[in-house]
Amino acid sequence: MIGTAWPRTAVARWAGGLYLAYVLANVLASQLGHIGLSDADTLRATITGDEALFRLGLVAAISSALLFVLTAWALYVLLRPVNEPLALLLLILNAIGVAVQCASYLPLFAVLAQSDSVGLTGPQLDALAMLSVTTHQTGFIMAQVFFSAWLFPLGWLVLRSGFLPRFLGWLLLLDGVGVLVWFLQALLAPGYSAISYPSWAIGFIAEVSLALWLLIKGVPPEEPTH
């Protein structure tokens with residue numbers, strides 16, 4: 001039981017609001033700094049050609065990482081009465097994925113630091129940017145293993161909760177499969193990115209649907225215990 005200090009309805013709305021904020025920060029990171037789903041050439045061109053926007057994108061990316069961990073914590077609090085070990089598992093998997101993804105941003109910070117302190121020329125900065133982008137994308141792809149895995153306990157808990165619609169649980173499980181497909185495509189068939197396009201659409205629908213349901217519809221209050 002969550003308890004009177006943390007009523008289930010309030011936790012659900014916090015989880016939904018944090019989830020939507022995370023999605024928005026991710027969109028900003030992608031649109032401003034081309035960090036995330038952008039190809040290597042686009043990201044490199046942003047680093048070398050529009051540093052101010054790239055820096056804003058990095059701020060959005062780091063903010064989204066923090067918001068994602070907070071979202072997972074709120075979902076853990078909400079869903080632990082259903083099955084506490086699985087709720088803890090989703091929190092751990094999410095936190096590991098966020099840690100790996102944040103580590104992938106370090107080469108991007110490094111290229112900014114080097115360009116500021118060393119005064120690299122255009123070709124040198126471009127070469128360093130390409131190396132940093134390649135390293136970043138490798139770490140970003142690795143993080144998807146954990147972002148796929150956390151969706152399976154989350155989807156199962158939603159299915160078993162009794163206070164959230166079952167279709168959301170099935171969508172989240174399908175999202176987990178989609179992210180896994182994206183990871184395998186990026187690793188085994190990098191030249192065929194179109195394979196992952198359905199996965200991105202499913203992920204957006206599943207996670208935004210859950211966030212909106214929690215924020216707008218909420219969940220029924222807990223039944224009092226005697």
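- Scanning for side chain to side chain contact (heavy atoms under 4.5 Å, CB included) contacts around E84 gives Y76, R80, with sequence neighbours left out.
- Residues forming a side chain to side chain contact (heavy atoms under 4.5 Å, CB included) with V177 (at least two apart in sequence, or on another chain): F152, V181.
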Let me check something: any side-chain donor-acceptor pairs from residues 141-150 under 3.5 Å, sequence neighbours excluded? List them with distances.
residue : atom : partner : partner atom : Å
Q144    : NE2  : F140    : O            : 2.8
S148    : OG   : G176    : O            : 2.8

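- Considering only residues two or more places apart in sequence or on other chains, Q185 meets the side-chain hydrogen bond (donor to acceptor under 3.5 Å, both in side chains) condition with S196.
- Cluster annotation: L212 and V219 are assigned to the same hydrophobic cluster (Ile/Leu/Val/Met/Phe/Trp/Tyr, side-chain heavy-atom contacts under 4.5 Å, transitive).
- I202 forms part of a hydrophobic cluster together with L174, judged by ILVMFWY side-chain heavy-atom separations under 4.5 Å.
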Anything under 3.5 Å between a donor and an acceptor, one on a side chain of residues 159-167, the other on a protein residue two or more places apart or in another chain? List them.
residue : atom : partner : partner atom : Å
S161    : OG   : V158    : O            : 2.9
S161    : OG   : F163    : N            : 3.3
S161    : OG   : L164    : N            : 3.2
R166    : NH1  : L159    : O            : 3.2

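- Remark: L106 pairs with no residue by the side chain to side chain contact (heavy atoms under 4.5 Å, CB included) rule, at least two apart or across chains.
- Note: the hydrophobic cluster containing L79 also contains V77 (ILVMFWY, side chain heavy atoms under 4.5 Å, direct or indirect links).
- Shown here are the ring pair (Phe, Tyr, Trp, His ring centres under 6.0 Å) partners of W73, two or more places apart in sequence or in another chain: W6.
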Pair up each side-chain donor or acceptor in residues 87-105 with any protein partner under 3.5 Å, not counting sequence neighbours, and list the distances.
residue : atom : partner : partner atom : Å
Q101    : NE2  : Y105    : OH           : 2.9
S104    : OG   : Q101    : O            : 2.5
S104    : OG   : H136    : ND1          : 3.3

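- The minimum heavy-atom distance linking L157 with L86 is given by the pair CD1-C, 3.9 Å.
- Going from atom CG of L168 over to atom CG of D175 covers 11.5 Å, rounded to the nearest 0.5 Å.
- Contact record, S199 with G178: OG-O, 3.0 Å, taken as the closest heavy-atom pair.
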Sequence neighbours left out, cut at 3.5 Å: what donor-acceptor pairs do the side chains of residues 11-21 make with other protein atoms?
residue : atom : partner : partner atom : Å
R13     : NE   : L215    : O            : 3.2
R13     : NH2  : I216    : O            : 3.2
Y19     : OH   : E207    : OE1          : 2.7

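- Note: the hydrophobic cluster containing I62 does not contain V59 (ILVMFWY, side chain heavy atoms under 4.5 Å, direct or indirect links).
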Give the C-alpha distance, both sets of side-chain angles, the deciding distance and a yes or no for side-chain contact (heavy atoms from CB on, under 4.5 Å) between L75 and L214.
CA-CA 10 Å; L75 289 170; L214 291 170; 3.9 Å; yes
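- Hydrophobic cluster membership is shared by F68 and L70, with clusters built from Ile, Leu, Val, Met, Phe, Trp and Tyr side chains linked at under 4.5 angstrom.
- Using a distance-only test at 3.5 Å, with no hydrogens or angles considered, a donor-acceptor pair links the side chain of T71 to the main chain of L67.
- Taking hydrophobic clusters as Ile, Leu, Val, Met, Phe, Trp and Tyr residues chained together by side-chain heavy-atom distances below 4.5 Å, L172 shares a cluster with Y22.
- Heavy atoms from other residues, nucleotides or ligands lying under 6.0 Å from CH2 of W170 number 12 at most.
- With rounding to the nearest 0.5 Å, the separation of CD1 in I205 from CG in L210 is 14.0 Å.
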